[in-house]
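As the structure is a prediction and not an experimental result, all values here were calculated from the model.
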Amino acid sequence: HLALEEFYGNALDDVDNIIEQYQGICGVVDEPFVNTISGEGKTEPEYLIALKNFVEQNKHILGEHSELDSAIDDFIGHINSTIYKLTTFNENVMSFESFCYENYND
């Protein structure tokens, strides 16, 4: 939960930064944003991988602006870091039962 909380805090700042930079370059966008990545039936890492793939495949839509590319890469970096934290730390988490009885059988 801590990794996701950290991600959402960073993601809001990252996306806000991308939008503000884009609008500074191209003008204000009046069209509403529609999230096209569904989390239904996905684990958190699966959703984040789908989000990362979507961002990577569609970042060209914003045009060729190095500052936007850098901001988008920062967002992708936060996604990668969160995927790492979720998969690594979840794989290493000991169940409560294992914790209670880990030395009992020795």
Worksheet item: K59: what forms a salt bridge (Lys or Arg N to Asp or Glu O under 4.0 Å) with it, not counting sequence neighbours?
Response: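 For K59 the salt bridge (Lys or Arg N to Asp or Glu O under 4.0 Å) partners, ignoring immediate neighbours, are D73.
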Fill in: Connected via hydrophobic side-chain network under 4.5 Å: I79 and Y84
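They do not share one cluster, since no chain of ILVMFWY contacts under 4.5 Å joins I79 to Y84.
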Discussion item. Same cluster or not: L12 versus F7, using hydrophobic residues (I, L, V, M, F, W, Y) connected whenever any side-chain heavy atoms lie under 4.5 Å apart?
Written reply: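 Different clusters.
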Do you know the tightest heavy-atom contact between [X] and [Y]?
{"X": "H78", "Y": "D14", "answer": "ND1-OD2, 2.5 Å"}
{"X": "T82", "Y": "A3", "answer": "CG2-O, 3.9 Å"}
{"X": "E46", "Y": "G41", "answer": "OE1-O, 4.1 Å"}
{"X": "G63", "Y": "D69", "answer": "O-OD1, 4.3 Å"}
{"X": "F75", "Y": "L51", "answer": "CZ-CD2, 4.1 Å"}
{"X": "I83", "Y": "P45", "answer": "CG1-O, 4.5 Å"}

I want to check something: taking the side chain as every heavy atom from C-beta on, are [X] and [Y] in contact at a cut-off of under 4.5 Å?
{"X": "K85", "Y": "E6", "answer": "yes"}
{"X": "I19", "Y": "V15", "answer": "yes"}
{"X": "T43", "Y": "L86", "answer": "no"}

[X] side, atom [atom1]; [Y] side, atom [atom2] - distance, nearest 0.5 Å:
{"X": "Y22", "Y": "I72", "atom1": "OH", "atom2": "CD1", "value": "10.5 Å"}
{"X": "Q21", "Y": "D16", "atom1": "CD", "atom2": "CG", "value": "10.5 Å"}
{"X": "K52", "Y": "I37", "atom1": "NZ", "atom2": "CD1", "value": "13.5 Å"}

Fill in: Short side-chain to backbone donor-acceptor contact, S70 and S66, under 3.5 Å
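No, the answer is negative, given that no donor and acceptor are paired below the 3.5 Å cut-off.
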Worksheet item: Within the distance-only criterion (no hydrogens, no angle test), does the side chain of N53 pair as donor or acceptor with the backbone N or O of I49 below 3.5 angstrom?
Response: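 Judged by distance alone, yes, a pair lies under 3.5 Å.
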